[in-house]
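Let me begin by presenting the structure, written as structure tokens, before commenting on it.
Counting starts at 1 for both ligands and their atoms, in listed order. The shown structure was predicted, so the numbers you read here are calculated from the model rather than taken from an experiment.
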Amino acid sequence: MTSATIDDGRFRERFDEFSRIGATDAGGVNRPSLSDENREARDTLVEWFREAGLEVRIDEMGNIFGRREGRDPSAAPVVSGSHIDSQYNGGRYDGVVGVLSALEVVEALNDAGVETKRPIDVVAWSDEEGVRFQPDMLGSGVYTGVFDLEYAYDREDKDGNRFGDELERIGYKGDEPCSADDIHCYFELHVEQGPFLEQADLSVGVVEGVFGFSWMNVAFEGQANHAGPTPMNMRHDAFVATADVTKAVREITATEGTDLVGTVGSVDVWPNAINVIPERVEFTLDFRSYDNAVVDAAVERIENEIQWAADREGLEYELEEIMRVDADPFDDGCIETVANAAEDAGCEYTRLVSGAGHDANYLNKIAPTSMIFVPSVDGISHRESEYTEWDDIVTGADVLLRAIRERASE
Ligand code: HGY
Ligand code: MN
Ligand code: MN
């Protein structure tokens, strides 16, 4: 079989070019969904797709597909990719590694003149991070039927900008329907964003599934008043209730299941003044576990804690669960393909599950799916100092190349 190999130089040049788009002084990137920086990254990717001879399609959600034809154009494609939107001041590797490695795979196959039976689609999904427009995995969620298009278009950022309007503004509201095609299988390479591969001193992780998670928006509504003359027993302080709930998150994660994690990540306080009792606090809750029943229990307990905190302080509250993704094991066949590809590539690996959500969560609902992880140094991610050794990325891309080639030939 003609060997195809990852072109380290080309791949690295592309990655470094991407790292310059929206670069921050501290070595990260600031390319939130549908921002001007995100548009610049999109434009660059489309140009590279075209240079690689891929046929580019952009759908109604701005998901970008690049197709490499196979011998049988009617055969369902092998799809691989990830996302190029980032956290506010996030890391350079999150998502980008998966998209650029999939592009490098098709380039390596082109260089080697390898013709596969099936088409191969490289994809960059819109709004995976869900920080500017919640919830996350919005582009792959509409594609797989989890969300409908109008719901997604109406999602607003903190300044009241609509997703649909911003997508139009940056010129990526495509004509292609955003709905699932017949997919043979889906592979996603991603940085682990946790400590386990580094602790095990391994370059590759074969991902067996992703944690289930719940995202909630909560608001406590109390009464602003003067911080001086208002006696403590006359206060309705929205922030005190928020602090109680935050403490409860730690109590719940300590008692509801070994892998349960819980986070209060975003907090907005009004009027946010040193000498005014907080009137309103809006905050978010993120619970995750590989056991759906554990997420259910955590959600039930925190809903009680919210009610009790509001009663104690005499507050009104609003609570909206904006997303619930069930933990779901990936496809055994795809997991085996990745494990065999790692063995083929001569690298040791371990099997693990992902605490981070990925577009693969949703693709797994419509097509056989698995993921490949490469190590995150010190387990850091969603931070500008996120870092993965380049050799590990090249190893991961080599495993991806073998997995894609295998399945695109069957
Ligand atoms: O939240 C997540 O796990 C992902 O970064 N969207
Ligand atoms: Mn990601
Ligand atoms: Mn992320």
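Numbered from 1 in the order shown, with element, the atoms of ligand 1 that lie under 4.0 Å from a heavy atom of W215 read 1 (O). Interface atoms of ligand 1 facing G357, defined by a heavy-atom separation under 4.0 Å, are 2 (C), 3 (O), 4 (C). Heavy-atom contacts of A356 reach the following atoms of ligand 1: 3 (O) (cutoff under 4.0 Å). Residue contact check: H382 has heavy atoms under 4.0 Å from atoms 5 (O) of ligand 1.
Closest protein heavy atom to atom 1 (O) of ligand 1: R288 NH2, 2.9 Å. Counting protein heavy atoms only, atom 6 (N) of ligand 1 is closest to D136 OD2, 2.7 Å.
Checking N30 against E37 by side-chain atom types alone, no donor-acceptor pair falls below 3.5 Å. A donor atom on one side chain and an acceptor atom on the other are not found under 3.5 Å apart for W125 and N63. Neither side chain, Q193 nor Y93, offers a donor N or O lying under 3.5 Å from an acceptor on the other.
Using cut-offs of 30° and 60° on the angle between ring planes, the pair Y362 and F147 is perpendicular. Ring planes of W390 and F11: tilted class, angle from 30 to 60°. Ring geometry for Y143 versus F65: interplanar angle of 30 to 60°, hence tilted.
For the Mn ion (ligand 2), the neighbouring protein N/O/S atoms at less than 2.8 Å, given as residue and atom, are H83 NE2, D94 OD1, H190 NE2.
The residue F211 has no part lying near ligand 1, judged by heavy-atom distances below 4.0 Å.
The side-chain tip of R42 points at the ring of Y172 from less than 6.0 angstrom away and within 45° of straight on.
Between E129 and ligand 1, at least one pair of N/O atoms sits closer than 3.5 Å. Residue Q87 places no N or O, backbone or side chain, under 3.5 Å from any N or O of ligand 1.
The pair R39-D43 does not meet the salt-bridge criterion, since no charged nitrogen lies less than 4.0 angstrom from a carboxylate oxygen. Between R14 and E107, at least one side-chain nitrogen of the basic residue sits less than 4.0 Å from a carboxylate oxygen of the acidic one, meeting the salt-bridge criterion. Between E40 and R20, no side-chain nitrogen of the basic residue sits less than 4.0 Å from a carboxylate oxygen of the acidic one, so the salt-bridge criterion is not met.
Residue contacts with ligand 1: H358 is excluded, as none of its non-hydrogen atoms falls under 4.0 Å.
Considering all non-hydrogen atoms of both residues, A224 and E279 come closest at N-CB, 3.5 Å.
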